[in-house]
Undergrad: 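Below is the structure I would like to discuss, written out as structure tokens.
If you're wondering where the values come from, they're calculated on a predicted model, not measured in any experiment.
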Amino acid sequence: NNNCYRELKKIDKINSVLDQMLQAAQSSINKDIQHFLFYLVSFIANCLPEAKITLQYTNSMNNVNLLNSLRSSEFSFAPTYSSLKYVTPASYVDLAVSLQMYGLAHKICQMFNFNSETVSEKWAMAILNKHGENAVPKVLSKLSQYQSFDYKKLCKFAFDHHFSNDACVS
């Protein structure tokens, strides 16, 4: 209603207030509080055209998604927002790959617009190592999404592991 709008208009330095709310959302481990704070920021930003927080909002949302993914029971880490200053999202990609959690590594790559070809290559090598040449169609299907994927390592792997010519040619 108009009273709410008038009260919002009274806030001096609205972008600073919204930024603090985004910081609070990233610092919270409670998902309900995170969602509520993001909702408030979005609502205020939509009501007040002078609020310019699109980039901060997107970065904050990505950070919260990363932190919540890492806090999941599957991954079992308890990182905080401040730890992102010391351990970059790229480091979490490396950690996920080393733990053979390729889905999580891909998710982090997507959130932060990282190139995921290296993750896919390591996934492919792990699948081929585990399932042999029977997995070649699945691997090739997954890797076909990349325009410039370098198949040299996979070809070398197939050759070193004596895959049949049919598997190597496909």
Side-chain angles (χ1 to χ4, degrees), residues 19 22-35 37-39 41-42 45 52-170:
D19 193 47
L22 292 172
Q23 294 291 327
Q26 293 173 89
S27 298
S28 175
I29 60 172
N30 185 318
K31 289 182 182 180
D32 292 333
I33 292 172
Q34 293 168 352
H35 289 219
L37 288 169
F38 281 119
Y39 173 79
V41 169
S42 178
K52 306 286 186 228
I53 51 105
T54 305
L55 182 61
Q56 297 95 317
Y57 187 87
T58 303
N59 289 339
S60 298
M61 187 67 87
N62 284 339
N63 286 340
V64 167
N65 285 334
L66 171 63
L67 292 168
N68 288 341
S69 295
L70 294 172
R71 291 176 187 144
S72 73
S73 59
E74 179 185 355
F75 208 62
S76 302
F77 280 97
T80 62
Y81 170 64
S82 59
S83 71
L84 288 179
K85 295 174 187 171
Y86 306 107
V87 182
T88 64
S91 298
Y92 286 117
V93 170
D94 292 340
L95 182 60
V97 167
S98 70
L99 294 172
Q100 295 185 350
M101 300 181 80
Y102 303 106
L104 177 62
H106 274 285
K107 182 178 178 182
I108 297 169
C109 288
Q110 287 174 342
M111 283 190 292
F112 292 93
N113 294 320
F114 296 157
N115 185 337
S116 63
E117 285 187 31
T118 304
V119 174
S120 293
E121 178 184 287
K122 293 184 185 219
W123 167 83
M125 299 293 275
I127 292 294
L128 292 175
N129 192 38
K130 184 174 181 178
H131 299 287
E133 69 181 74
N134 294 333
V136 169
K138 178 181 180 178
V139 167
L140 293 178
S141 173
K142 174 78 172 166
L143 297 178
S144 68
Q145 67 183 328
Y146 299 105
Q147 297 286 334
S148 61
F149 189 83
D150 186 4
Y151 290 91
K152 290 177 192 166
K153 289 184 183 177
L154 293 178
C155 290
K156 182 177 177 350
F157 180 89
F159 181 76
D160 291 346
H161 287 81
H162 309 290
F163 283 16
S164 70
N165 286 340
D166 292 337
C168 294
V169 172
S170 63

Undergrad: Of all heavy-atom pairs between Phe114 and Val93, which one has the smallest distance, and what is that distance?
TA: CD1-CG2, 4.1 Å
Undergrad: Heavy atoms only: give me the nearest Ile127-Ala135 pair and the separation to one decimal.
TA: CG2-CB, 3.5 Å
Undergrad: Keeping Ser42 on the side-chain end and Phe38 on the backbone end, is there a donor-acceptor pair under 3.5 Å?
TA: no
Undergrad: Any heavy-atom pair between the side chains of Trp123 and Val97 that's under 4.5 Å?
TA: no
Undergrad: Side chains of Asp19 and Gln56: is there a donor and an acceptor less than 3.5 Å apart?
TA: no
Undergrad: Can you name the nearest heavy-atom pair linking Val119 to Cys109, along with the distance?
TA: CG2-SG, 4.0 Å
Undergrad: Asn62: which residues meet the side chain to side chain donor-acceptor pair (under 3.5 Å) condition with it, sequence neighbours left out?
TA: none
Undergrad: Determine whether a donor-acceptor pair (N or O, by modelled atom type, separation under 3.5 Å) exists between the side chain of Ser141 and the backbone of Pro137.
TA: no
Undergrad: With sequence neighbours excluded, what pairs up with Asn115 under the side chain to side chain donor-acceptor pair (under 3.5 Å) test?
TA: none
Undergrad: Give a yes or no answer on whether the side chain of Gln34 reaches the backbone of Val64 with a donor-acceptor pair at less than 3.5 Å.
TA: no
Undergrad: Between Val41 and Ile53, is there a side-chain heavy-atom distance shorter than 4.5 Å?
TA: yes
Undergrad: Roughly how far apart are Lys122 NZ and Asn129 CG, rounded to 0.5 Å?
TA: 14.0 Å
Undergrad: List the steps and the verdict of side-chain contact (heavy atoms from CB on, under 4.5 Å) for Ser60 and Gln23.
TA: CA-CA 8 Å; Ser60 298; Gln23 294 291 327; 5.8 Å; no
Undergrad: Parallel, tilted or perpendicular for Tyr151 and Phe149, by the 30°/60° rule?
TA: perpendicular
Undergrad: Identify, with sequence neighbours excluded, every residue that meets side chain to side chain donor-acceptor pair (under 3.5 Å) alongside Lys153.
TA: Glu121
Undergrad: Evaluate the criterion ring-ring contact (aromatic ring centres under 6.0 Å, His included) for residue pair Phe157 and His161; output intermediate values, then yes/no.
TA: CA-CA 6 Å; Phe157 180 89; His161 287 81; 3.9 Å; yes
Undergrad: Holding to side chain to side chain donor-acceptor pair (under 3.5 Å), I want the full list of residues that pass it with Ser91, two or more places apart in sequence or in another chain.
TA: Thr88
Undergrad: Report the C-alpha distance between Phe112 and Leu66 in whole Å, list the side-chain angles of each, state the deciding distance to 0.1 Å, and finish with yes or no for side-chain contact (heavy atoms from CB on, under 4.5 Å).
TA: CA-CA 9 Å; Phe112 292 93; Leu66 171 63; 3.9 Å; yes
Undergrad: Side chain to side chain contact (heavy atoms under 4.5 Å, CB included) with Asn30: which residues, sequence neighbours excluded?
TA: Ser28, Asp32, Ile33
Undergrad: Which residue pairs pass the side-chain hydrogen bond (donor to acceptor under 3.5 Å, both in side chains) test with at least one member in residues 97-113, sequence neighbours excluded?
TA: Ser69-Lys107, His106-Ser120
Undergrad: Find the distance between CD (Gln26) and CG (Leu37) and round it off to the nearest 0.5 Å.
TA: 10.5 Å
Undergrad: Measuring from Lys31:NZ to Leu67:CG, what's the distance to the nearest 0.5 Å?
TA: 11.0 Å
Undergrad: Taking OH in Tyr146 as the centre, count heavy atoms belonging to other residues, nucleotides or ligands within less than 6.0 Å. Is the count above 12?
TA: yes
Undergrad: So, do Phe163 and Leu154 sit near enough that their side-chain heavy atoms are less than 4.5 Å apart?
TA: no
Undergrad: For residues Asn68 and Ile29, determine if any side-chain heavy atom of one lies less than 4.5 Å from a side-chain heavy atom of the other.
TA: no
